Amino acid sequence: MRPPKRIQPKLRSMPRKHTPSAIYLQMHQLANEKERLQQEVAMLQDRQRQVLQRLIEIETDLLQLEAACEQCRLPEAQSHAPVAEPCIVSSTPFRWMTIDY
């Protein structure tokens with residue numbers, strides 16, 4: 001996994017003017033970026049909770065399946081199971097029949 005990179009601010013081809021309107025514009029843009037990043041963090045936290053919940057479910061299912069597998073391996077479980085009688089197949093050949101339409 002690669003190391004996280006720092007999010008770089010947007011580059012400008014021309015330097016900003018130092019007027020009050022330019023400063024307010026920059027403040028507005030930074031406030032919008034901050035809100036967007038906060039929403040992204042909230043979405044990532046929700047996704048992390050979903051992934052962790054699924055991992056817990058998978059672990060529980062694995063434990064249940066391992067317990068079921070152990071039950072199948074026990075010799076007592078096999079002795080209580082009914083044993084099917086072998087089926088005897090007759091060795092008589094089939095009788096052929098033809099039907100005319």
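Note that the coordinates shown come from a computational prediction; the quantities given were computed from them, not determined experimentally.
- When the side chain to side chain contact (heavy atoms under 4.5 Å, CB included) test is applied to Leu65, no partner is found at least two apart in sequence or on another chain.
- For the side-chain contact (heavy atoms from CB on, under 4.5 Å) with Arg54, the lone residue among Leu52, Ile58, Ile56 that qualifies is Ile58.
- Atom CG of residue Leu44 and atom CZ of residue Arg49 lie 11.0 Å apart, to the nearest 0.5 angstrom.
- To the nearest 0.5 angstrom, Arg36 atom CZ is 5.5 Å from Glu33 atom CD.
- Test Ile23, Thr19, Leu25 against Ser21 for side-chain contact (heavy atoms from CB on, under 4.5 Å) and you get one pass: Thr19.
- Using a 4.5 Å heavy-atom cutoff, the side chains of Glu70 and Leu74 are not in contact.
- In this view, Gln64 and Thr60, Asp61 satisfy the side chain to side chain contact (heavy atoms under 4.5 Å, CB included) rule, not counting sequence neighbours.
- Here Glu40 contributes atom CD and Glu35 contributes atom CD; the two are 13.0 Å apart, rounded to the nearest 0.5 Å.
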